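Note sheet for the following structure.
A quick note: this is a predicted structure, and the numbers were derived from the prediction, not measured. Atoms within a ligand are numbered from 1 in the order they appear, just like the ligands themselves.
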Amino acid sequence: MSPTPTSDVLVVGGGVIGLVTAWRAAQRGLATAVVDPEPGGGAARVAAGMLAAVTELHYGEQTLLGLNLRSARRYPDFAAELTEVTGQDLGYRRCGTLAVALDADDRTHLRELHALQQRSGLASQWLSGRECRRLEPMLAPGVRGGLRVDGDHQVDPRRLASALVTACERAGVVFHRAWAERLTVVRERAAGVRTADGTELAAGRVVLAAGSLSGRLAGLPEQVRPPVRPVKGQVLRLAVPERYAPFLSRTVRAVVRGGQLYLVPRENGELVVGATSEELGWDTTVTAGGVYELLRDAHELVPGITELPLTETRAGLRPGSPDNAPLLGPTELDGLLLATGHHRNGVLLTPVTGDVMAHVLTTGELPEEARPFAPGRFTAAALAEQPA
Ligand code: GLY
């Protein structure tokens, strides 16, 4: 016997992607529930919250760039709406970003990034080392040049997550604080989930938005299991005492020894330093080596950082996908949709993901902007059609 639906939509996962999906679905009149032991948790508890569509541009990711830019453009209205609904400030800050080079190799790399940005029609400005230091006096004297990107902003992901929980509650979203253990499939259709304590949650549709854990839900037919994997990131948080403020006035980033390093200063005096990128499965240990490397590289960039109190060290898991882009929309299993695989861009892609998922849930159609990100691109048949 099929379970009676208790909601139109059940979202598995209460991180920022699951929450924004639930909020937008509920706003459109769908009876929506979220299943997660700790809504508002997940990778956003660790993330720095850079909205860095331009400075995080990579070769071969131009399609993703389009989605990233669309989401970045929505951020001002999205943040204002969320603040209006909840009364909570998200720490959305239009502070801009400066990407700098520490040596000749870094400089070549940044010059290439600049050329790619220009070919892609993106606004960025090349600065000499001296000009970089004039903008950010705490930078090391050895900085060789940099790229000023005034359009790359930041938001505080913890505040974002907590505001989304409140917005969901106000919109009538029901929270089931439990682990979703198994997908229920009835007559070849997703019909809900069973939680770790044996409760059956039934729904008209299920949205799997469980970040790096999305592929682990039991009961998923193999052909719709999302190919996401955990990509570990270690992140540090420091405090800037009043006497040092403003320590940095914008996000500063660099590629040091091949790794991405960024320092994100918040208005409340927090300074977030990230991040390692490690393929270590489900390990979330904060290691001495990870902390050492982040501090060593950050010290090369901004020597004064060693004076600051270190307040927190954490590791989180990015949901990596085979092409670093998210999987959005319906799967081959009726009633099952995905909103996962956002990899390095989950916080940035939160507004557009909410809009895309609400659209597909209410109309059955994936909007044009999301079609390149349909989960079907990873089915065996689609992969077999791709050129070798
Ligand atoms: N987007 C920053 C990171 O994933 O480390």
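The main-chain N or O of Gly211 is found under 3.5 Å from a side-chain atom of Thr340 such that the two form a donor-acceptor pair. Judged by distance alone, with hydrogens and angles left aside, the side-chain atoms of Arg93 form a donor-acceptor pair with the main-chain N or O of Pro265 at under 3.5 Å.
Atom CD of Glu84 sits in a sparse spot, with 12 or fewer heavy atoms from other residues, nucleotides or ligands closer than 6.0 Å.
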Extract all donor-acceptor atom pairs below 3.5 Å that involve side chains of residues 35-47 and protein atoms in other chains or at least two apart in sequence.
residue : atom : partner : partner atom : Å
Asp36   : OD1  : Glu38   : N            : 2.7
Asp36   : OD2  : Gly14   : N            : 2.6

Side chains of residues 160-170: which donor-acceptor pairs under 3.5 Å do they make with residues two or more places apart or in other chains?
residue : atom : partner : partner atom : Å
Ser162  : OG   : Gln88   : OE1          : 3.1
Thr166  : OG1  : Gln88   : NE2          : 2.8
Thr166  : OG1  : Ser162  : O            : 3.2
Arg170  : NH1  : Val85   : O            : 3.0

Ignoring hydrogens and angles, write down the donor-acceptor pairs under 3.5 Å from the side chains of residues 290-302, residues two or more places apart or on other chains.
residue : atom : partner : partner atom : Å
Asp297  : OD1  : Arg257  : NH1          : 2.5
Glu300  : OE2  : Arg257  : NH1          : 3.4
Glu300  : OE2  : Arg257  : NH2          : 2.5

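Within 4.0 Å of ligand 1, protein heavy atoms come from Met50, Glu56, Tyr262, Ala275, Arg318, Arg344.
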